Amino acid sequence: MSERPAPSSASSLVSADASTELAARRTGMSFQRTRMSADRTLMSVIRTSLSLIGFGFTIFQFFHKLHDSGVLKNSEASRNFGQALVWLGVFLLIFGIVYHWRFMVELRREREAMRAAGLIHADSGFPVSMTLIVALLLLAMGCLAIFSMNFGIGPFGT
């Protein structure tokens, strides 16, 4: 069995330092990739929620207009279906935002612990996600749509 010889020159120490430096940089970049992956997951939730809210509001409006014009005598079932789609989209968006927020808090905590231990540099910023801001704006619009559907007033008037 052969044993590894102990480093005897300065070049092997420099090589070990370079290897540690590269590992720290790769780990730091992996945090950025994980953050971007979380943003992509939230974008998927936004896409699905927007589809549900849009379809639900369109169905609601379509059957409401048919009822107002006298084509349909009773449009309650279809109107309720439209409202249910909007509610589903809003709830999905709420759960997606909460999940994203909790994940990012934990990721920041882990990153800070690794920075404090000297395992990564953490020189680059970890800004607030623009995707999260868009999700919050869409949530507000979904809530306005529900308000408009239930009370017949608001920016999306029925």
Side-chain angles (χ1 to χ4, degrees), residues 19-158:
S19 177
T20 303
E21 176 67 21
L22 287 173
R25 290 191 183 275
R26 281 192 302 268
T27 304
M29 287 187 293
S30 72
F31 274 100
Q32 294 295 343
R33 285 190 299 271
T34 303
R35 184 181 68 83
M36 288 187 286
S37 176
D39 277 350
R40 283 190 302 272
T41 301
L42 183 58
M43 283 189 265
S44 296
V45 170
I46 289 171
R47 181 189 61 227
T48 306
S49 296
L50 182 60
S51 296
L52 287 168
I53 292 169
F55 287 143
F57 193 72
T58 301
I59 289 169
F60 178 86
Q61 285 287 9
F62 178 73
F63 285 102
H64 181 72
K65 298 296 182 196
L66 284 178
H67 180 68
D68 285 350
S69 67
V71 174
L72 290 177
K73 299 220 189 289
N74 186 0
S75 63
E76 287 300 314
S78 53
R79 291 178 71 224
N80 290 341
F81 179 68
Q83 282 184 333
L85 286 177
V86 174
W87 277 107
L88 183 62
V90 167
F91 283 134
L92 176 66
L93 194 55
I94 289 170
F95 288 130
I97 289 170
V98 169
Y99 177 82
H100 181 80
W101 183 266
R102 292 181 67 194
F103 183 82
M104 292 304 290
V105 165
E106 187 59 36
L107 187 65
R108 281 186 172 94
R109 188 177 297 135
E110 181 69 25
R111 183 175 184 252
E112 183 56 34
M114 290 184 80
R115 188 198 62 75
L119 298 174
I120 61 173
H121 298 297
D123 294 333
S124 61
F126 225 55
V128 173
S129 168
M130 290 301 292
T131 308
L132 181 60
I133 293 169
V134 169
L136 291 170
L137 290 173
L138 179 60
L139 179 60
M141 287 183 64
C143 291
L144 285 173
I146 288 173
F147 184 77
S148 178
M149 292 165 77
N150 286 327
F151 301 111
I153 57 174
F156 306 115
T158 53

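Keep in mind it's a predicted model, so treat the numbers as computed, not measured.
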| query | Say you draw a straight line from CZ of F55 to CZ of F62; how long is it, rounded to the nearest 0.5 Å? | reply | 14.5 Å
| task | Could you check if a side-chain atom of R35 sits within less than 4.5 angstrom of a side-chain atom of Q32, using non-hydrogen atoms only? | result | yes
| Shortest non-hydrogen contact between G89 and S49, atoms and distance | O-OG, 3.2 Å
| request: First locate atom OG of S37, then atom CZ of F103, and finally report the distance between them rounded to the nearest 0.5 Å. | output: 7.0 Å
| Does a side-chain heavy-atom distance below 4.5 Å link M114 with E110? | yes
| query | Which heavy atom in I53 sits nearest to a heavy atom in V86, and how many Å separate them? | reply | O-CG2, 3.6 Å
| query | How many angstroms lie between atom CZ of R79 and atom CE of M149, to the nearest 0.5 angstrom? | reply | 8.0 Å
| request: Taking all heavy atoms of L92 and all of V45, pick out the closest pair and write down the distance. | output: O-CG1, 3.7 Å
| field | Rounded distance [0.5 Å steps], CG in L50 versus CE in M141 | value | 8.0 Å
| Side-chain heavy atoms of I59 within contact of Q83, under 4.5 Å | no
| message | Quick one: does any side-chain atom of S148 pair with a main-chain N or O of L144 as donor and acceptor, under 3.5 Å? | response | no
| To the nearest 0.5 Å, how far apart are CD1 in I46 and CG in D39? | 9.0 Å
| remark: Nearest heavy-atom approach of T58 to G54 is OG1-O, 2.7 Å
| query | How far does OG of S129 sit from CE of M104, to the nearest 0.5 angstrom? | reply | 6.5 Å
| Does a side-chain N-to-carboxylate-O contact under 4.0 Å join E112 and R115? | yes
| Where do L42 and I97 come nearest, in terms of heavy atoms and distance? | CD1-N, 4.2 Å
| For the residue pair F147 and F151, does the interplanar ring angle fall in the parallel (under 30°), tilted (30 to 60°) or perpendicular (over 60°) class? | tilted
